[in-house]
Amino acid sequence: MKLQEVFDSYKDNIMPTYTKVPLVFVKGKGSRLWDIHNNVYLDLFPGWGVGNLGHCHPKVMQAVRDQISKLIFIPNNYYHIPQAKLAKELVYWTYPAKVFFCNSGAEANEGAIKLSRKFGQGRFEIITFDDSFHGRTLATVTATGQKKYQEGFQPLVEGFKTVKFNDINALKNALTDKTVAIMLELIQGEGGVNVADKDFVLELRKLCDERKMLLIFDEVQTGIGRTGKLFCYQNYGVIPDIMTLAKALGGGLPIGMMVVRKEIADTLQPGTHASTFGGGPVICKAALAVLISIQKEKLLTNAAKMGEYLFAKLNELKNKYPVIKEVRGMGLMAGVELSIPGKAVVEKCMESGLLINCTHDTVLRLMPALNITKKEIDKAVKILGEVLKGI
Ligand SMILES: Cc1ncc(COP(=O)(O)O)c(C=O)c1O
């Protein structure tokens, strides 16, 4: 297919639910992408948080090739070894828990919502936060604290309340005897890279313990090494009752999961929850390769080190260009808040061969692969600096 044929097919045959960038990619390796004309791009936002290992990591490719030639799929009423191994590995790296496999972040959060309601036995209210993002299903879009995602879909699901992030008094005021869970991202991604305060998270844990409520961490975006630890909660020293994961866990293949504290993991019994494709052999093999590669290639250390370097470089830009109001984030999850809309900056970076994102209108978001190099960061920051200079 030629470039225009691709565009035409999308226009004629695919529902217009995404804002599109006019680039057709055909190949990826590490932090680089090649378009249909063989132009190379440096990707500092690989896969919207999916590409923590970069594009086409060799160990993920090998795992998929290996499994696909043996058994592509087997449903969840049977047993298979890749799922058993992946579950064991995830529990090893987290806390005493059992897991549930599904296919996306929204589906993982939907599962957490259902589990909370079942656990609540009549208590059903869930508190979430302004500017949060939890997915696009009806329940998760209701949980999402941004009205723009909810418009046109009313009536929304009953039983959600949204309060100000990092405001413990607002949270306490919203509690009722029907509240069963509190759900949050420790760093709000789509909401503008807003970091939860440690004291706030500690207080949430205390409240949940006192009132027998569940604390749910949505680590769909912050998980799998993004913040320099395998999971972001490890930066806080606070263990959730449920953690949801997706995005980077599959190394580019679709996966979602809940990691549920052991004491409450049997709340969902046979017949109460399911997902046909959840935890199939190919995806489990890919996810195992992701977790093993993170350890073997010491990617958490690299993420922490390169994160520090990236933040230092971004702060240098901030000192030079007053259009940057704030640089915030953790590890390799960086938000650069501008005093102007970021769309044009993203477009100009793209014209210079750098792919980044803008969220919440004014926040540039950079989430490079965990194996990014100093040289690649230097190149990216140089391009960004040149673009900001010309704005
Ligand atoms: C924190 C968070 N939760 C949930 C989701 C939804 O994940 P998915 O698109 O896989 O359904 C996202 C997606 O961006 C996210 O960032």
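Atom CD of Glu308 has 12 or fewer neighbouring heavy atoms from other residues, nucleotides or ligands inside a 6.0 Å radius. Within a 6.0 Å sphere centred on CD of Glu158, other residues, nucleotides and ligands contribute 12 heavy atoms or fewer. Environment of CZ in Phe7: crowded, with over 12 heavy atoms of neighbouring residues, nucleotides or ligands closer than 6.0 Å. Annotation: Gln154, atom CD; neighbour count of heavy atoms from other residues, nucleotides and ligands within 6.0 Å is above 12. Within 6.0 Å of CG in Leu23 there are more than 12 heavy atoms belonging to other residues, nucleotides or ligands. The neighbour count for Phe200 CZ, taken as heavy atoms of other residues, nucleotides or ligands under 6.0 Å away, is above 12. Heavy-atom contacts from other residues, nucleotides or ligands closer than 6.0 Å to CZ of Phe73 number more than 12.
Annotation: side-chain hydrogen bond (donor to acceptor under 3.5 Å, both in side chains) contacts involving residues 224-233, sequence neighbours excluded, comprise Asn52-Arg226, Thr227-Asn235. For the side-chain hydrogen bond (donor to acceptor under 3.5 Å, both in side chains) condition, the pairs that include at least one residue of residues 309-325, sequence neighbours left out, are Tyr309-Asp378. Sorted pairs that involve residues 21-31 and meet side-chain hydrogen bond (donor to acceptor under 3.5 Å, both in side chains), not counting sequence neighbours, are lacking altogether.
The structure places CD1 of Ile264 at 14.0 Å from NZ of Lys118, a figure rounded to the nearest 0.5 Å. To the nearest 0.5 Å, the span separating CE on Met257 from CG on Leu86 amounts to 6.0 Å. Cys284 SG to Ile255 CD1: the interatomic distance, rounded to the nearest 0.5 Å, is 5.5 Å. The SG atom of Cys102 lies 10.0 Å from the CD atom of Glu110; values are rounded to the nearest 0.5 Å. To the nearest 0.5 Å, atoms CG (Leu215) and CE (Met213) are separated by 8.5 Å. Between the CZ atom of Arg123 and the CZ atom of Phe119 there is a distance of 5.5 Å, given to the nearest 0.5 Å.
In this structure, the side chain of Gln150 engages the main chain of Val141 through a donor-acceptor pair within 3.5 Å. In this structure a side-chain-to-backbone donor-acceptor pair under 3.5 Å is missing from Glu210 to Leu207.
In this structure, a donor-acceptor pair under 3.5 Å is absent between the side chains of Ser132 and Gln146. When only modelled atom types and interatomic distance are considered, Glu376 and Thr373 share a side-chain donor-acceptor pair under 3.5 Å.
Under the 4.5 Å side-chain heavy-atom criterion for grouping Ile, Leu, Val, Met, Phe, Trp and Tyr, Phe124 is not connected to Phe160 through any hydrophobic cluster. Under the 4.5 Å side-chain heavy-atom criterion for grouping Ile, Leu, Val, Met, Phe, Trp and Tyr, Ile224 is connected to Met243 within one hydrophobic cluster. A continuous path of ILVMFWY side-chain contacts below 4.5 Å connects Leu245 to Leu332, so both sit in one hydrophobic cluster. The cluster map of Ile, Leu, Val, Met, Phe, Trp and Tyr, joined by side-chain heavy atoms under 4.5 Å apart, puts Ile14 and Val24 in the same cluster.
Counting heavy atoms from C-beta outward, Arg365 and His360 have side chains that stay 4.5 Å or more apart. Residues Met330 and Val195 are in side-chain contact: their nearest non-hydrogen atoms beyond the backbone lie under 4.5 Å apart. A heavy-atom distance below 4.5 Å is found between the side chains of Leu338 and Ile324. Between Val363 and Arg328 there is a side-chain heavy-atom pair separated by less than 4.5 Å. Between Phe129 and Leu171 there is a side-chain heavy-atom pair separated by less than 4.5 Å. Between Val64 and Leu253, the closest side-chain pair of non-hydrogen atoms falls below 4.5 Å. At least one side-chain heavy atom of Leu90 sits under 4.5 Å from a side-chain heavy atom of Phe231. Side-chain contact between Thr128 and Leu184: absent, with no pair of heavy atoms (C-beta onward) separated by less than 4.5 Å.
Paired with Phe217 under the rule side-chain contact (heavy atoms from CB on, under 4.5 Å), one option of Val238, Ile242, Thr244 passes, and it is Val238. Each of Thr140, Ile113, Leu214, Ile127 was evaluated against Met183; a single residue qualifies, Ile113, per the side-chain contact (heavy atoms from CB on, under 4.5 Å) test.
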- Message: What verdict does the side chain to side chain contact (heavy atoms under 4.5 Å, CB included) test give for Ile182 and Ile216, after you've listed the backbone C-alpha separation in whole Å, the side-chain angles of each residue and the deciding distance to 0.1 Å?
- Response: CA-CA 6 Å; Ile182 299 170; Ile216 305 168; over 6 Å; no
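Scanning for side-chain contact (heavy atoms from CB on, under 4.5 Å) contacts around Gln62 gives Lys59, with sequence neighbours left out. For Asp130, the side-chain hydrogen bond (donor to acceptor under 3.5 Å, both in side chains) test picks out no residue, with sequence neighbours left out. Among residues two or more places apart in sequence or in another chain, the side-chain hydrogen bond (donor to acceptor under 3.5 Å, both in side chains) test is passed with Asp43 by His55.
Ionic pairing of Lys172 and Glu203 is present here: one or more N-O contacts between side-chain nitrogen and carboxylate oxygen are shorter than 4.0 angstrom.
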